[in-house]
Structure formats: C-alpha cells, structure tokens
Amino acid sequence: MSYVLMALIATLFTWGITAAGASLVFIFKKSNKNFMDAMLGFAGGVMIAASFWSLLSPSIEMSEELGINAIAVALTGFVGGGLLLFSGDKLFCRLEKANPKRIYSEKNSSIKRRLMLLFSITLHNIPEGLAIGVAFGSLSYENDSSAYAGACLLALGIGLQNFPEGTAVSLPLRRDGMSRKKSFFYGQLSGIVEPVAGVLGALLVTKMRMLLPFMLAFAAGAMIYVVVEEIIPESQTNEKKDRMALFTIIGFSVMMVLDIALG
C-alpha cells in the first residue's frame, strides 16, 4: 500500500470521528436556552484547550526539532491567525453597514458567529491533517515498524481528539436555531479538510514539514479569537453565568485530558 493511500485512510478515520462527535446533536434532544448556553460554554473550553495542547505546544516542539526559532514562529503564527479573524469580523460589519436594508440584528450576529466558529475549527483541522500526511509520507525515508506505529498512533490520537471538536461545532449551531441535520452536516464538514490535507502532506512531505509549525500556531490564534470574541461572551448572556463558566471548565478539562493522554 502506498504511503499516500495510508495517509488518506488515516485521515478518513479522523474525519469519521469528527462526524461521530457532531452526531451528538441528535442525542441531545433538549433545545432550551440553559442547555444550549451550557454547550456553548463547553465548546469554548474545548477550543481553548485544543489551541494550546493540539496546536501551540506541537508548533513549538516541531520548530525546535527543525532548528527554527520557536518564539518567532509561535508568535507570528498566533498573532497572524488572530488578525485574520479580526479582519474578517470587521469586513462582515462593514458589509452589513453598507446595506441599509439589512440593519444589525440578532440574526446577523448569529450568522457571523456560525461562520467564525466553523472557519476556526476547519482551519484547525488543516494542520492536523497535514501532520498525519507528513507522518505517513516520512515512511518513505524511514520505513521501520516503530515509525509506522508512530504514524498510526498519531492518527488515532488526533482522531479521538476530534470527537469533542465535532460536538463543539454542531451543538452551538443547534443553539443558534439551525436544524439538527444542518448542524450535523456543518459539524462533520469541519473535518472533511483532513483527508485533503493528509494526502497533500504525504505528497509534499518535506515542504509541509517546514510549514507545519507556523500553520499550527496560526490556527491557534484564530481559535482563541473566536472563543474570546463570540463563544464565551455569548454563553455569558445566560442568567446563570457561574454555571456556564463551569461548563467551560468542564470542556477545557475533557480536551486537556484527551490531549495529554493521547500525546
């Protein structure tokens, strides 16, 4: 079996786990505000934890392994990701103001939040897919059992981490009034970029390895911007702010445990 095909199969697995996480939207039948705000807070916690353990920490480690300045890569990538989302936010507001017939409304704010959430999680999945592709593509240089086992374990770890991330997209979308089917569709859609990125990483293993640290930090900056700008403030509109904050802690803890346990 070719290494590119291996990378494709591995990233199809990680996409499938994302879809499984997104499918929880069919299990949680409640749609009251308290429940959905709690799930929004949970999603914020998941995203904060993922931004460090799944993105920034690996970015720093990879930079050091490749002999690149870790501080410069992490800083420029992180700030760049945040600035990209900031620019998109301002552009959305300008387009909204440019059309007098579409005054600012709660519905428009909800649409913006959906787009930012979906974009940030999707952006986060691209470097993860590339990492898997690079791991399998590297087998063409060092084809031994330990390298193969390491690539498989990486795919397994990223796949299991994707479960709460799929949920972190679908449930907030459901909270904003989207149907269960559409919420699931967009939740799994955030992970479909992984097979594409995985194949690309396996084909361009050397070049992608050099770009990966920056892309990981870039995705982290984008995620943190969305959490601070949209996710946490929206969950805190609930009267029971303290309880919503606890769900953010729970979401962070779940993702932290998964990331540390799966390496």
| note | In terms of heavy-atom contacts, P127 and M215 come closest through CG-O, 4.0 Å
| request: Report the distance from atom CZ of F78 to atom CG of L83, rounding to the nearest 0.5 Å. | output: 10.5 Å
| query | Is there a side-chain contact between F218 and L123, using heavy atoms and a 4.5 Å cut-off? | reply | yes
| query | Considering all heavy atoms of both residues, which atom of P172 and which atom of A43 are nearest to each other, and what is their separation? | reply | CG-CB, 3.8 Å
| Short question: side chain of S235, backbone of D37 - any donor-acceptor pair under 3.5 Å? | no
| L118 and Y186: which non-hydrogen atoms are nearest, and at how many Å? | CD1-O, 3.3 Å
| task | For the residue pair E194 and L130, establish whether any side-chain heavy-atom pair is separated by less than 4.5 Å. | result | no
| query | Going by heavy atoms in the side chains, are F252 and M47 under 4.5 Å from each other? | reply | no
| field | In one Ile/Leu/Val/Met/Phe/Trp/Tyr side-chain cluster, 4.5 Å: V134, L203 | value | yes
| Transitive ILVMFWY side-chain link L211 to V193, under 4.5 Å | yes
| request: Evaluate the side chain to side chain contact (heavy atoms under 4.5 Å, CB included) criterion for residues F163 and L24: first the C-alpha distance (whole Å), next the side-chain angles of each, then the deciding distance (0.1 Å), finally the verdict. | output: CA-CA 10 Å; F163 187 88; L24 290 188; 3.8 Å; yes
| said: Contact between L56 and L216 at the side-chain level, heavy atoms closer than 4.5 Å - yes or no? | reply: no
| said: Would you compute the distance between atom CE of M62 and atom OG of S57 and round it to the nearest 0.5 angstrom? | reply: 10.0 Å
| said: If you apply the rule side chain to side chain contact (heavy atoms under 4.5 Å, CB included), what do you find for L212 with R209, and how did you get there? | reply: CA-CA 5 Å; L212 255 178; R209 181 176 284 163; 5.6 Å; no
| query | CD1 of I224 to CZ of F52: how many Å apart, nearest 0.5 Å? | reply | 11.0 Å
| request: Test side chain to side chain contact (heavy atoms under 4.5 Å, CB included) on H124 and S51 and set out the steps. | output: CA-CA 8 Å; H124 153 266; S51 68; over 6 Å; no
| task | State yes or no: do V257 and F247 share one hydrophobic cluster built from I, L, V, M, F, W and Y residues joined by side-chain heavy-atom distances below 4.5 Å, directly or via other members? | result | no
| query | Closest heavy-atom contact between L8 and P195? | reply | CD1-CB, 4.1 Å
| Do M256 and W53 touch side chain to side chain, with heavy atoms closer than 4.5 Å? | yes
| query | Will you find, in the side chains of S54 and D259, an N or O donor that is under 3.5 Å from an N or O acceptor? | reply | yes
| task | Show the numbers, then the answer: is there a side chain to side chain contact (heavy atoms under 4.5 Å, CB included) between N125 and S190? | result | CA-CA 7 Å; N125 283 331; S190 67; 4.1 Å; yes
| field | Side chain to side chain, I68 and M210, heavy atoms closer than 4.5 Å | value | yes
| query | What about L5 and W15, same hydrophobic cluster or not, with Ile/Leu/Val/Met/Phe/Trp/Tyr joined at side-chain heavy-atom distances under 4.5 Å? | reply | yes
| remark: Checking I158, L156, N162 against L160 for side chain to side chain contact (heavy atoms under 4.5 Å, CB included), the one that qualifies is L156
| request: State whether the number of non-hydrogen atoms from other residues, nucleotides or ligands found under 6.0 Å of F13 atom CZ is greater than 12. | output: yes
| So which heavy atom on A49 is nearest to which on M255, and how close? | CB-CB, 3.6 Å
| said: Is any side-chain heavy atom of C152 closer than 4.5 Å to one of Y148? | reply: yes
| said: Nearest 0.5 angstrom please: L40 CG to I231 CD1, how far? | reply: 5.0 Å
| Could you state the interatomic distance from CZ (F42) to OG1 (T248), rounded to the nearest 0.5 Å? | 10.0 Å
| field | Centroid separation F26 to F184 less than 6.0 Å | value | yes
| query | Just by modelled atom types, is the K241 backbone N or O under 3.5 Å from a matching donor or acceptor in the N238 side chain? | reply | no
| field | Heavy-atom check, side chain of P233 versus side chain of E229, under 4.5 Å | value | no
| request: Verify whether one side chain among T18 and Q188 offers a donor that lies under 3.5 Å from an acceptor in the other. | output: no
| query | Is there a donor-acceptor pair under 3.5 Å between the side chain of S59 and the backbone N or O of L55? | reply | no
| Hey, what do you get for CG (L189) to CD1 (I121), rounding to the nearest 0.5 Å? | 12.5 Å
| said: Between S63 and A70 (side chain of the first, backbone of the second, donor and acceptor by atom type, cut-off under 3.5 Å), is there such a pair? | reply: no
| query | What are the two closest non-hydrogen atoms of A74 and I60, and how far apart are they? | reply | CB-CG1, 4.2 Å
| Would you say M244 and I48 are hydrophobically clustered, going by side-chain heavy atoms of ILVMFWY under 4.5 Å? | no
